[in-house]
Structure formats: C-alpha cells, structure tokens
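Working notes, beginning with the structure itself.
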Amino acid sequence: MKSIAITGPTSGIGAETVKGLVLSFDKIYLMARSEAKAKAMIDTFPEKDRSKFSFIHLDLADMDSVKLAAQTLSGMETALDVLINNAGGIFGEKIVTKDGFELTFSANHLGHFLLTELLLPILLKSGHSRIINVSSEAHRTAKVNFEDLQYQQKSYNSFIAYSNAKLFNILFTKSLVEKYEEKGLKSFSLHPGVVKTNFAKENAGIFGFFWILGSPFMITPAQGAQTSIFLAKINSKEIPNGGYFKKSKAVKPSTAGNSKRMRDILWQKSEELLKPWLKI
C-alpha cells in the first residue's frame, strides 16, 4: 500500500500533481485549509478512485494547526512513502501570523519544516520514503540576513522574502539528506516553471504587476506539475539524492543553495523558533 501526502493540493500545481499521481498511490492525503475545496476536487475523480483520498486540515501559517495535522496523519498511517511540500505564496505586505512569524517565512518554510519534522517517524518507517519540496528559480535572487528573518529591522520586500524562502526550501532539502539518508530517506527540491495560477493575486506591488504582464507567456499548472510528478514516481536510485530539479532534470542551484554553513544555520534557527511545537 503506497501512501502520499501533499500540501496545497486543491488548486494550481498541487491539484495537477494529484491528478498525475492518483493511479500510482493507494492512499492520498490532501492537506489543505478548505475541506469544501478538497471534497469538490475529490468528486472530479472516477468513483473507484475516491476512496483513496483523505482530507486533513492544515494551515501553514498556524503552527498549532500544523502540529495537529501531523498528529492526525500519524494516527492514520503507520508508514508514509511520499510527502510533497507544495503549498506556498507571496504576499504584498508584511503580515505577522498569530505565532509571531512573518507570513511568507511561515507559509513557505517554517510550516513545512515543522510538518516534515513531525512526520519523520512515519516517513522513516517506510524505509524508502521521499520528501519533495517545491522551490523556485527565484531562490537565485535571495538576500538572507539570518539575524533578521522576520523583517523586524529592515523594511519588508515581498519578492526578496519569497526568494529567501525558496532558497530555504533547497537548503532544507539538503539538510534532510545529510541527516537521514542513512535511514533510507530521499529528498528533492524543484522549480516548477513560471506557472499561470492565482499564485501572486495577493501581491498588489510591482511583482504582482509584472506577474499579470507576463501571464500570456507562462506555462499551465499541468505543465508546472510535471517535475513534482516525475520526482514522486521515478526510481529514486536514478537521480541524485538532495538534487534540485528543473524540467525533470537535475540542475545546479545557486552557490547559496549549496552552502553547508547556511543550511546548518537555517536548521538551527528553525528549530529554535519552532521549539514550542517540536516538544512531544
């Protein structure tokens, strides 16, 4: 019985990823905020496939929600084969979550970091599990200040905040391999392409303007999902563990993306910030 969990599965790339993987898995856990959207999506599949799906409420901007989601899934599944950390977003203004975290940092990195750490016990029980983190080529423009991850000192820049978070996805991927490869874990990150979705609809700034301007040249969500689908299905022995992928091929990330110093600092900072929720 092969099982998979995916965040952000009800629209855009996430929904197309689910469509591309439904025949390859016996249990599919949709981790999202809206149960209504999840149910509506499940209803689009043939009746014979609908029993594969389970909805688990998850809000990546609420660490209590993340912890409860991980506990729920761990109670439903003894071993998880694949986790796709797909959800993410860019936000035009600085928003602080109820936990005190800047929203871009929380929704794109911290929430997935916590979810993954809490699911590691059932992922490692699989013996051949893989974690797929949806990053972006935007990581190449990151400007990280580890002493100001929440933009408490410097003024908020939505695109840099997003670029930093996408770099963190790559660094997190490589840390997972360093720490857990010997236990059978595979982890990959990817750039889905510049996809025409509602991704930047909340960004009213210059980035949102250029997003709308460039939309005629973007690829479809179905095309954007192909690398995630590829990484979930391919024999993992055929691709480099910890690799960063674009158009289903391994490519070199930025110099920062390969930095052991940065990934070690990120792991330490993330665990410090999430300490209240990492406690058993």
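Numbering starts at 1 and runs along the sequence shown.
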What do you reckon, is NZ of Lys246 surrounded by more than 12 foreign heavy atoms closer than 6.0 Å? no
Would you mind checking if Lys275 and Glu271 are paired as a salt bridge, meaning a charged N to carboxylate O distance below 4.0 Å? no
Per the salt bridge (charged side-chain N to carboxylate O under 4.0 Å, His left out) rule, what does the pair list look like for residues 2-25, sequence neighbours excluded? Glu16-Lys19
With no hydrogens and no angle check, is any side-chain donor or acceptor of Thr44 less than 3.5 Å from a backbone partner on Met41? yes
Can you list everything that forms a side chain to side chain donor-acceptor pair (under 3.5 Å) with Asp62? Sequence neighbours excluded, please. Lys98
Sorted by chain and number, sequence neighbours left out, salt bridge (Lys or Arg N to Asp or Glu O under 4.0 Å) with Arg263 holds for Glu178
Quick check on side-chain hydrogen bond (donor to acceptor under 3.5 Å, both in side chains): which of Thr173, Thr7, Asn133 does Asn85 satisfy it with? Asn133
Could you check whether any side-chain N or O of Thr10 sits under 3.5 Å from a backbone N or O of Lys37, counting only pairs where one atom can act as donor and the other as acceptor? no
Using a 4.5 Å cut-off on heavy atoms from C-beta on, say whether the side chain of Leu190 contacts that of Phe230. no
Tell me if a side-chain donor or acceptor on His128 pairs with a main-chain N or O of Ser126 at a distance below 3.5 Å. yes
Only one of Ile265, Leu110, Leu114, Leu149 passes side chain to side chain contact (heavy atoms under 4.5 Å, CB included) with Ser270, and that residue is Leu110
Test Lys94 against Glu102 for side-chain contact (heavy atoms from CB on, under 4.5 Å), laying out the working first. CA-CA 7 Å; Lys94 180 182 175 181; Glu102 186 275 311; 4.2 Å; yes
Please check if atom CD in Gln153 has more than 12 non-hydrogen atoms from other residues, nucleotides or ligands closer than 6.0 Å. yes
Would Leu83 end up clustered with Ile4 when hydrophobic side chains under 4.5 Å apart are linked, directly or stepwise? no
Determine, using the 4.5 Å side-chain heavy-atom cutoff (strictly less than), whether Val144 and Phe101 are members of one ILVMFWY cluster. yes
Tyr151: partners by ring-ring contact (aromatic ring centres under 6.0 Å, His included), with sequence neighbours left out: Tyr156
Measure the CD-OG1 distance between Glu93 and Thr104 for me, rounded to the nearest 0.5 Å. 11.5 Å
Could you work out, with ring-ring contact (aromatic ring centres under 6.0 Å, His included) as the rule, every residue matching His109, not counting sequence neighbours? Phe105, Phe113, Phe168
Co-membership, hydrophobic cluster, residues Leu176 and Leu273, 4.5 Å side-chain: yes
Report, one line per pair, each donor and acceptor closer than 3.5 Å where one atom sits in a side chain of residues 69-79; sequence neighbours left out.
| residue | atom | partner | partner atom | Å |
| --- | --- | --- | --- | --- |
| Thr72 | OG1 | Leu68 | O | 2.8 |
| Ser74 | OG | Ala70 | O | 2.8 |
| Glu77 | OE1 | Tyr29 | OH | 2.4 |

Besides Val251, the hydrophobic cluster formed by Ile, Leu, Val, Met, Phe, Trp and Tyr side chains linked at under 4.5 Å, directly or via other members, contains Ile170, Tyr244
In Å and rounded to the nearest 0.5 Å, what is the OG to CG distance from Ser51 to Asp26? 9.5 Å
For the residue pair Tyr162 and Phe159, does the interplanar ring angle fall in the parallel (under 30°), tilted (30 to 60°) or perpendicular (over 60°) class? tilted
Can you sort out the partners of Glu272 under side chain to side chain donor-acceptor pair (under 3.5 Å), two or more places apart, ordered by chain and number? Gln268
Tell me whether Ile229 shares a hydrophobic cluster with Leu23, the cluster being built from Ile, Leu, Val, Met, Phe, Trp, Tyr side chains joined at under 4.5 Å. yes
Separation of Arg50 CZ from Lys39 NZ (nearest 0.5 Å): 13.0 Å
Leu60 and Ala87 have their tightest heavy-atom pair at CD1-CB, 3.6 Å
Give a yes or no on whether Leu80 and Val82 share a hydrophobic cluster (residues Ile, Leu, Val, Met, Phe, Trp, Tyr; joining criterion: side-chain heavy atoms under 4.5 Å apart). no
Would you call Asp264 and Lys260 a salt bridge, taking side-chain N to carboxylate O under 4.0 Å as the test? yes
Nearest heavy-atom approach of Ala232 to Phe25 is O-CZ, 4.2 Å
Within this structure, what is the CG-CG distance for the pair Leu30 and Leu58, rounded to the nearest 0.5 Å? 11.5 Å
Return yes if some donor-acceptor pair links the side-chain N/O of Ser163 with the main-chain N/O of Ala142 below 3.5 Å, else return no. no
Among pairs that include at least one residue of residues 107-135, which meet salt bridge (charged side-chain N to carboxylate O under 4.0 Å, His left out), considering only residues two or more places apart or in two chains? none
Quiz question: by atom type and distance under 3.5 Å, do the side chains of His139 and Asn169 form a donor-acceptor pair? no
Using modelled atom types only, decide if a donor and an acceptor are shared between the side chain of Asn241 and the backbone of Ser187 within a distance under 3.5 Å. yes
Report the residues that fulfil ring-ring contact (aromatic ring centres under 6.0 Å, His included) with Phe245, sequence neighbours left out, ordered by chain and then residue number. Phe188
Could you pull out all residues at least two apart from Phe45 that satisfy ring-ring contact (aromatic ring centres under 6.0 Å, His included)? Phe53
Any chance you could measure Leu124, atom CG, to Lys183, atom NZ, to the nearest 0.5 Å? 6.0 Å
Minimal non-hydrogen separation, His191 against Thr227, with atom names: O-OG1, 4.4 Å
Scanning both residues in full, the closest heavy-atom pair of Lys166 with Val134 reads NZ-O, 3.0 Å
State whether the side chain of Lys52 and the backbone N or O of Val22 hold a donor-acceptor pair below 3.5 Å, judged by distance alone. yes
Could you check whether any side-chain N or O of Gln226 sits under 3.5 Å from a backbone N or O of Gln223, counting only pairs where one atom can act as donor and the other as acceptor? no
At their closest point, which heavy atom of Thr116 faces which heavy atom of Leu123, and how far apart are they? O-CD1, 4.4 Å
Distance-only, no hydrogens or angles: does the Lys233 side chain make a donor-acceptor pair with backbone N or O of Leu21 under 3.5 Å? no
Nearest non-hydrogen partners of Phe55 and Ala38, listed with the distance: CD1-CB, 3.5 Å
Do Lys67 and Leu278 come close enough that some side-chain heavy atom pair is under 4.5 Å? no
Checking Ser129 side chain against Asp81 main chain: does a donor-acceptor pair fall under 3.5 Å? no
Separation between CG of Leu103 and CD of Gln150, rounded to the nearest 0.5 Å: 11.0 Å
Salt bridge (charged side-chain N to carboxylate O under 4.0 Å, His left out) pairs touching residues 140-160, sequence neighbours excluded, are Glu137-Arg140, Glu147-Lys269
Donor-acceptor pair, Asp99 side chain versus Met63 backbone, under 3.5 Å? yes
Could you check whether any side-chain heavy atom of Met1 comes within less than 4.5 Å of a side-chain heavy atom of Lys27, counting everything from C-beta outward? yes
